[in-house]
Visitor: 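The structure under discussion is supplied below as structure tokens; questions concerning it will follow.
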Amino acid sequence: MLFSTMNKSNRFRMSSFKIFDLMFNQRNIHELTCRFAVVLILTCQCLADDGYEMDDFLKREYSLTKPYQGLGSSSSSYWDLMGNAMITTEHVRLTPDLQSRQGAVWSRVPCFLRDWELQVHFKIHGHGKKNLNGDGMALWYTKERMQTGPVFGNMNLFTGLGVFVDTYPNENKNHERVFPYVSGMVGNGTLAYEHDRDGQSTELGGCTALVRNIPHDTFLLIRYTKNRLTIQIDVDGTQKWQDCLDLPGVRLPRGYFFGASSVTGDLSDNHDLISMKLYQLTVERTQEEEEEEELTPSVDNFENLNKVEVQEEGMSGVQLFFTIVFSVIGIFVLGVVAVVMYGRWKENSRKRFY
């Protein structure tokens, strides 16, 4: 009888313990669920920026990352190499630190995304001293691909978008711009990039970016969404994007190719492309915006963007010195001539008087 009563008591305790344990586990699960929901909301808020969200995955067919398996001559490759470009385990070297080299890498797959963001990890370094290096590199979203030419190793009169990391000033008259300099340009197939003027007459805007021979990673971001072009840089090692260009009214057709190119001349640098990562952006659009389709690259009010006034170059110190010296000599010579002529006039007057 006593044994039976003890068994019933033990069963009751065990049942109570199971119920308590179940309630405790459900509470933990509920807390974990709430915490996960909070983390998910915060993550979405971090990803959100001006009405767009970045997808959780890369568009790999438009991205170039280590170990660069999709790069080469095989039929399954997404990218092609050109010129002196070469693959290493750490980067794609567009040009080595040697004179008169040019190289490029181009996507094989045209991009039909309407809104996208391209993040580029790169490095420019060499043995040349400050301002004795060149020439720079460019990032492309263009109708043409696999072309060579004078614009950072690519053709001039291109159709699409070019973003230039220019490391050498060709126009010495412009003292306001500090190099290296990042700028953007939209070409329509007839607009020429003026190399001797560092593309000032056709640029959409830009910023100084001290990217050469620095000990930390350097990044560049190109975002195109709802006809707005944004360029940002991270070259200070702070892992924070800094604004470089933000321009509405930029119209780029779909179906163009991504690429990167570089060139060296009498001066040189290593131009290394570590990665190009393309993300599709999710943007809310109206029905009219969905049906809108650009056929030719253009920029609204482009003629008002670049009123570059070429100022006359002031005289240097040496030029000013010689100008003053020759002016004094000229005045002295004129004075001597005037005295001689006056003396002769007086002598002739005396002769006539006598």
Visitor: If you apply the rule side-chain hydrogen bond (donor to acceptor under 3.5 Å, both in side chains), what do you find for Glu117 with Gln119, and how did you get there?
Guide: CA-CA 7 Å; Glu117 178 176 294; Gln119 296 184 15; 2.8 Å; yes
Visitor: Kindly compute the distance separating CG (Leu118) from CG (Leu221), expressed to the nearest 0.5 Å.
Guide: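 Output value for this atom pair is 8.0 Å.
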Visitor: Quick one: do Leu139 and Leu113 end up in the same hydrophobic cluster if we chain Ile, Leu, Val, Met, Phe, Trp and Tyr together by side-chain heavy atoms under 4.5 Å apart?
Guide: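 Same hydrophobic cluster.
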Visitor: Yes or no on side-chain contact (heavy atoms from CB on, under 4.5 Å) for Ile233 and Val211, after CA distance, side-chain angles and deciding distance?
Guide: CA-CA 10 Å; Ile233 57 174; Val211 298; over 6 Å; no
Visitor: How far apart are the C-alpha atoms of Leu229 and Leu161, what are their side-chain angles, what is the distance that settles it, and do they pass the side-chain contact (heavy atoms from CB on, under 4.5 Å) test?
Guide: CA-CA 10 Å; Leu229 176 66; Leu161 173 67; 3.8 Å; yes
Visitor: Which heavy atom in Leu210 sits nearest to a heavy atom in Pro180, and how many Å separate them?
Guide: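 Residues Leu210 and Pro180, closest heavy atoms: CD2-CD, 3.9 Å.
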Visitor: Between Val109 and Val92, is there a shared hydrophobic cluster once you connect ILVMFWY residues whose side-chain heavy atoms come closer than 4.5 Å?
Guide: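 Yes: a chain of side-chain contacts under 4.5 Å links Val109 to Val92.
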Visitor: Taking NZ, NE, NH1 and NH2 as the nitrogens, is one of them in Asp198 or Arg177 under 4.0 Å from a carboxylate oxygen of the other?
Guide: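 Looking at Asp198 and Arg177, the cut-off is not met.
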Visitor: Going only through I, L, V, M, F, W and Y residues with side-chain contacts under 4.5 Å, is there a path from Val163 to Trp241?
Guide: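 No, Val163 and Trp241 fall in different hydrophobic clusters.
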Visitor: By side chain to side chain donor-acceptor pair (under 3.5 Å), which residues pair with Gln239, not counting sequence neighbours?
Guide: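 Checked Gln239 against side chain to side chain donor-acceptor pair (under 3.5 Å); zero matches.
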Visitor: More than 12 foreign heavy atoms under 6.0 Å from NE2 of His216: is that the case here?
Guide: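 Counting other residues, nucleotides and ligands, NE2 of His216 exceeds 12 neighbours.
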Visitor: Between Arg93 and Met86, is any pair of side-chain heavy atoms under 4.5 Å apart?
Guide: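 Touching, per the 4.5 Å side-chain cut-off.
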Visitor: With a 4.5 Å cut-off on side-chain heavy atoms, are Thr95 and Asn270 touching?
Guide: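 Not touching, per the 4.5 Å side-chain cut-off.
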Visitor: Treating Asn188 as the side-chain partner and Thr190 as the backbone partner, does any N or O pair qualify as donor plus acceptor under 3.5 Å?
Guide: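 Pair found, side chain donor or acceptor close to backbone of Thr190.
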Visitor: Would you say the side-chain atoms of Ser261 pair up with the backbone N or O of Gly153, donor to acceptor, closer than 3.5 Å?
Guide: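 No, because the side chain of Ser261 does not come within donor-acceptor range (under 3.5 Å) of the backbone of Gly153.
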Visitor: Please assess His127 against Asp97 for the test side-chain contact (heavy atoms from CB on, under 4.5 Å), listing each intermediate value before the final yes or no.
Guide: CA-CA 8 Å; His127 297 293; Asp97 190 3; 3.5 Å; yes
Visitor: Can any side-chain N or O of Glu144 pair as donor or acceptor with the backbone N or O of Thr159 at less than 3.5 Å?
Guide: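 Indeed, once roles are kept as given, a pair shorter than 3.5 Å links the two residues.
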Visitor: Any side-chain heavy atom of Phe258 sitting closer than 4.5 Å to one from Leu278?
Guide: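 They are in side-chain contact.
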Visitor: Quick check on the 6.0 Å ring-centre criterion: do Phe164 and Trp140 meet it?
Guide: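 Judged by ring-centre distance (under 6.0 Å), Phe164 and Trp140 do meet the cut-off.
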Visitor: Please report the closest heavy-atom contact between Phe122 and Met137, naming both atoms and the distance.
Guide: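 Shortest heavy-atom contact: CD1-SD, 3.9 Å.
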Visitor: What I want to find out is whether Lys66 reaches Glu90 closely enough, with some N-O distance under 4.0 Å, to be called a salt bridge.
Guide: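 Yes, Lys66 and Glu90 are salt-bridged.
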Visitor: Return the CG to CG distance between Leu247 and Asn301, rounded to the nearest 0.5 Å.
Guide: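 Separation between the atoms: 9.5 Å.
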Visitor: Is there a side-chain contact between Ile274 and Thr65 in this structure, where contact means two heavy atoms from C-beta onward sitting under 4.5 Å apart?
Guide: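 No; the side chains remain at least 4.5 Å from each other.
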Visitor: Check this for me: does any side-chain nitrogen of one of Asp269 and Arg212 sit under 4.0 Å from a carboxylate oxygen of the other?
Guide: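 Arg212 and Asp269: salt-bridged.
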Visitor: Is there a donor-acceptor contact under 3.5 Å linking the side chains of Ser201 and Glu194?
Guide: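 On atom types as modelled, these side chains qualify, holding a pair under 3.5 Å.
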Visitor: To the nearest 0.5 Å, what is the distance between OH on Tyr181 and SG on Cys207?
Guide: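 So the OH of Tyr181 and the SG of Cys207 are separated by 7.0 Å.
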Visitor: Hey, what do you get for CE (Met146) to CG (Leu81), rounding to the nearest 0.5 Å?
Guide: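 So the gap between those two atoms works out to 8.0 Å.
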Visitor: Within the side chain of Ser63, is there an N or O that forms a donor-acceptor pair under 3.5 Å with the backbone of Lys59?
Guide: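 Judged by distance alone, yes, a pair lies under 3.5 Å.
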Visitor: Going by an N to O cut-off under 4.0 Å, is there a salt bridge joining Arg251 and Glu292?
Guide: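 Looking at Glu292 together with Arg251, the answer is yes, because their closest N to O distance falls below 4.0 Å.
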Visitor: How far apart are the C-alpha atoms of Arg223 and Asp115, what are their side-chain angles, what is the distance that settles it, and do they pass the salt bridge (charged side-chain N to carboxylate O under 4.0 Å, His left out) test?
Guide: CA-CA 8 Å; Arg223 181 186 301 141; Asp115 303 278; over 6 Å; no
Visitor: Closer than 4.0 angstrom, basic N to acidic O: yes or no for Glu293 and Arg114?
Guide: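 Counted as a salt bridge, because a side-chain N and a carboxylate O are separated by less than 4.0 Å.
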Visitor: Are there over 12 heavy-atom neighbours, none belonging to Arg228, within less than 6.0 Å of that residue's CZ?
Guide: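 Counting neighbours around CZ of Arg228, more than 12 heavy atoms of other residues, nucleotides or ligands fall under 6.0 Å, so yes.
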Visitor: For residues Phe219 and Leu64: do they belong to one hydrophobic cluster (side chain heavy atoms under 4.5 Å, members Ile, Leu, Val, Met, Phe, Trp, Tyr)?
Guide: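 No, no single cluster joins them.
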Visitor: What is the minimum heavy-atom distance between Arg108 and Arg145, and which atoms define it?
Guide: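 The answer is CG-NH2, 3.7 Å.
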Visitor: If hydrophobic clusters are built by linking Ile, Leu, Val, Met, Phe, Trp and Tyr wherever their side-chain heavy atoms come under 4.5 Å apart, do Leu245 and Val186 end up in the same one?
Guide: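 Yes: a chain of side-chain contacts under 4.5 Å links Leu245 to Val186.
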Visitor: What closest approach, in Å, do His91 and Tyr68 show between heavy atoms, and which atom pair accounts for it?
Guide: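 Taking every non-hydrogen atom into account, CA-OH, 3.2 Å.
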Visitor: Going through the distances and angles, do Asn170 and Asp196 end up as a side-chain hydrogen bond (donor to acceptor under 3.5 Å, both in side chains)?
Guide: CA-CA 5 Å; Asn170 294 292; Asp196 293 338; over 6 Å; no
Visitor: Indicate whether any N or O donor in one side chain lies under 3.5 Å from an N or O acceptor in the other, for Asp272 and His125.
Guide: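 Indeed, the side chains of Asp272 and His125 share at least one donor-acceptor pair under 3.5 Å.
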Visitor: Pairing donors with acceptors under 3.5 angstrom, does anything connect the side chains of Asn154 and Gln102?
Guide: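 Not at all, the side chains of Asn154 and Gln102 share no donor-acceptor pair under 3.5 Å.
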Visitor: Can you check whether Phe179 reaches Asp166 side chain to side chain, under 4.5 Å on heavy atoms?
Guide: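 In short, these two side chains touch, coming nearer than 4.5 Å.
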Visitor: For the CD atom of Gln242 and the OG1 atom of Thr238, what is their distance to the nearest 0.5 Å?
Guide: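 The OG1 atom of Thr238 is 5.5 Å from CD of Gln242, to the nearest 0.5 Å.
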Visitor: Please answer whether the main-chain N or O of Tyr193 pairs with a side-chain N or O of Asn156 as donor and acceptor at a distance below 3.5 Å.
Guide: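 Indeed, once roles are kept as given, a pair shorter than 3.5 Å links the two residues.
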Visitor: Run the side-chain hydrogen bond (donor to acceptor under 3.5 Å, both in side chains) check on Asp246 and Gln232 step by step: do they pass?
Guide: CA-CA 9 Å; Asp246 187 8; Gln232 295 178 315; over 6 Å; no
Visitor: Taking the side chain from Ser275 and the backbone from Lys277, do they hold a donor-acceptor pair closer than 3.5 Å?
Guide: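 The answer is no, because no donor-acceptor pair under 3.5 Å joins these two groups.
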Visitor: Any side-chain heavy-atom pair from Val105 and Leu94 closer than 4.5 angstrom?
Guide: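 Answer yes - side chains close enough.
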Visitor: Tell me, do Trp106 and Thr142 make a side-chain contact under 4.5 Å, heavy atoms counted?
Guide: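 Yes, close enough: below the 4.5 Å cut-off.
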Visitor: Looking at every non-hydrogen atom in both residues, tell me the closest pair between Leu295 and Tyr256 and how far apart they are.
Guide: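 In this case the closest contact between Leu295 and Tyr256 is O-OH, 4.4 Å.
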Visitor: Can you name the side chain to side chain contact (heavy atoms under 4.5 Å, CB included) partners of Tyr224, sequence neighbours left out?
Guide: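 Listed in chain order: Trp116, Asn227, Val250, Leu252.
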Visitor: Keeping Asn84 on the side-chain end and Pro96 on the backbone end, is there a donor-acceptor pair under 3.5 Å?
Guide: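 Checking the backbone N and O of Pro96 against the side chain of Asn84, no donor-acceptor pair under 3.5 Å is found.
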Visitor: Of all heavy-atom pairs between His121 and Thr218, which one has the smallest distance, and what is that distance?
Guide: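 Smallest interatomic distance, heavy atoms only, reads CD2-O, 3.4 Å.
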Visitor: Counting only N and O atoms by type, is there a donor-acceptor contact under 3.5 Å from the side chain of Thr167 to the main-chain atoms of Asp135?
Guide: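 Pair found, side chain donor or acceptor close to backbone of Asp135.
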Visitor: Is there a donor-acceptor contact under 3.5 Å from the side chain of Glu289 to the main chain of Thr286?
Guide: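 Judged by distance alone, yes, a pair lies under 3.5 Å.
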Visitor: Any donor and acceptor pair, going by atom type alone, linking the side chain of Ser262 with main-chain N or O of Gly136 inside 3.5 Å?
Guide: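 Checking the backbone N and O of Gly136 against the side chain of Ser262, a donor-acceptor pair under 3.5 Å is found.
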Visitor: Do Ile231 and Val182 have side chains that get closer than 4.5 Å, going by heavy atoms?
Guide: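 Answer yes - side chains close enough.
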Visitor: Go through the steps to decide whether Ser298 and Thr296 satisfy the test side-chain contact (heavy atoms from CB on, under 4.5 Å), and finish with yes or no.
Guide: CA-CA 6 Å; Ser298 63; Thr296 304; 5.8 Å; no
